[in-house]
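Comments concern the structure below.
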Amino acid sequence: MRSRFPTAPLAVPLALLTVPVLLAAHQARPAPYGDRFTVHARVEHSTALRLHTTKGAVTAYDPETGGPRWTHTRPGHRPLAVLHARVRTIALWEDGLVTATDGDTVRWHRALPNATAWLADHGGTGVLRLLDPRMLAVVTPDRVTAYRIVDGDLRWVLPAHRGCAFAPGRAVRHGATLLLAQPCARDSDASWTSQLVPVDDLGRVTPHRRPLGNELPRR
C-alpha cells in the first residue's frame with residue numbers, strides 16, 4: 001500500500017522551504033506597542049545627546065556634529081515629554097505609555113493606568129522626574145510610580161491621599177529630595193503637612209524607613 005506521508009528525500013526539501021516561511025512570518029509581525037526605531041548612526045561609549053520632539057517622533061542628535069543618531073516613532077501617537085538619563089532616553093506618550101530607549105532599540109515599556117484623559121487635558125509637564133541617575137519617578141494626580149531606569153523594574157508606588165491629588169508641574173527639587181505638591185479638596189480631612197510630600201529614590205521620606213535596595217541584583 002502506498003504511504004500517505006512524503007518519503008525522506010521529499011521531506012527534506014519541504015523542511016528547508018518551511019524555515020524561510022517561518023522567518024518571514026516572524027519578521028512581518030507588528031512591533032509591540034507600534035514602535036518604529038531607526039538607527040541613523042551608531043556611537044560607542046557616548047551618553048551625550050541632543051533630543052528633539054515633534055508631533056510624531058523623538059529624535060536624538062549628536063551634540064558635536066548635529067547629525068541624527070536615532071528616531072523613535074509610534075505611528076498614531078505623539079510624545080509629550082522626554083528626558084535623558086545616562087544610558088536611557090525616557091519618553092512619555094499621549095496614550096499614557098512610557099518608553100525607554102538605549103540608542104539601539106526600545107528597552108522597556110510601562111503603561112500609566114487611568115492617565116490618558118488627564119494627559120490630553122494637561123500634557124506631560126512634570127510627569128517624568130529623575131530621582132537620581134538610576135531612578136525615574138512618573139508623577140500623575142493619582143499616584144507616583146518609581147522605576148529603575150536601566151531595566152524598567154517597578155520599585156515603589158505612592159498613592160495620593162484620599163481627597164488629594166499630586167500636581168506634577170509643581171514639584172521642586174531640594175538636594176536629593178523631590179518635594180511634590182499634593183493639594184487637597186477643602187472638605188478633605190488631610191492636614192496641610194500632607195499636602196507637601198518629600199520623596200527620593202527609596203520612596204516617601206519618613207523616619208527609620210528600611211532601604212529597598214534599588215541596585216541591580218547581583219548575578
Inset, instruction - For A146 and L154, work out which heavy atoms get closest and say how close. - result: O-CD1, 3.6 Å
Legend entry - Set of residues satisfying side-chain contact (heavy atoms from CB on, under 4.5 Å) with respect to T38, sequence neighbours excluded: H40
Legend entry - With D62 via salt bridge (Lys or Arg N to Asp or Glu O under 4.0 Å) - residues at least two apart: R69
Legend entry - Nonpolar side-chain network containing L179, other nodes, edges under 4.5 Å: L196
Inset, instruction - Report yes if the side chains of I149 and L130 come closer than 4.5 Å at any heavy-atom pair, otherwise no. - result: yes
Legend entry - Pairs flagged by salt bridge (Lys or Arg N to Asp or Glu O under 4.0 Å) wherever residues 105-129 is involved - sequence neighbours left out: D102-R107
Inset, instruction - Could I get the full list of side-chain contact (heavy atoms from CB on, under 4.5 Å) partners for V39, not counting sequence neighbours? - result: F37, R42
Legend entry - Passing option when P79 is tested against L51, T73, T53 for side chain to side chain contact (heavy atoms under 4.5 Å, CB included): T53
Legend entry - Set of side-chain contact (heavy atoms from CB on, under 4.5 Å) partners for A160, sequence neighbours left out: F166, Q182
Inset, instruction - Return the set of residues passing side-chain contact (heavy atoms from CB on, under 4.5 Å) with P159 (not counting sequence neighbours), or none when no residue passes. - result: none
Inset, instruction - Over all heavy atoms of both residues, which pair between A57 and T71 is shortest? Give the atoms and the distance, please. - result: CB-CG2, 4.0 Å
Legend entry - Non-neighbouring partners of D200 that pass side-chain hydrogen bond (donor to acceptor under 3.5 Å, both in side chains), sequence neighbours left out: R209
Legend entry - Straight-line distance of L131 CG to R148 CZ, nearest 0.5 Å: 14.0 Å
Inset, instruction - Provide the full list of salt bridge (Lys or Arg N to Asp or Glu O under 4.0 Å) pairs with a residue in residues 135-144, sequence neighbours left out, each pair given once. - result: none
Inset, instruction - Any chance you could measure D201, atom CG, to L178, atom CG, to the nearest 0.5 Å? - result: 11.5 Å
Legend entry - Sequence-distant partners of W108, side-chain hydrogen bond (donor to acceptor under 3.5 Å, both in side chains), two or more places apart: none
Taking distance alone, no hydrogens or angles, what donor-acceptor pairs closer than 3.5 Å link side-chain atoms of residues 88-96 to residues at least two apart or in another chain?
unit_1 : atom_1 : unit_2 : atom_2 : d
R88    : NE     : V150   : O      : 3.1
R88    : NH2    : V150   : O      : 2.8
T89    : OG1    : H84    : ND1    : 2.8
W93    : NE1    : T99    : OG1    : 3.0
E94    : OE1    : R78    : N      : 2.9
E94    : OE2    : H77    : ND1    : 3.0
D95    : OD1    : R74    : NH1    : 3.1
D95    : OD1    : L97    : N      : 3.4
D95    : OD2    : R74    : NH1    : 3.3
D95    : OD2    : R74    : NH2    : 2.8

Inset, instruction - Could you identify which residues cluster with V172, counting Ile, Leu, Val, Met, Phe, Trp and Tyr as linked when any side-chain heavy atoms lie under 4.5 Å apart, either directly or through a chain of such contacts? - result: none
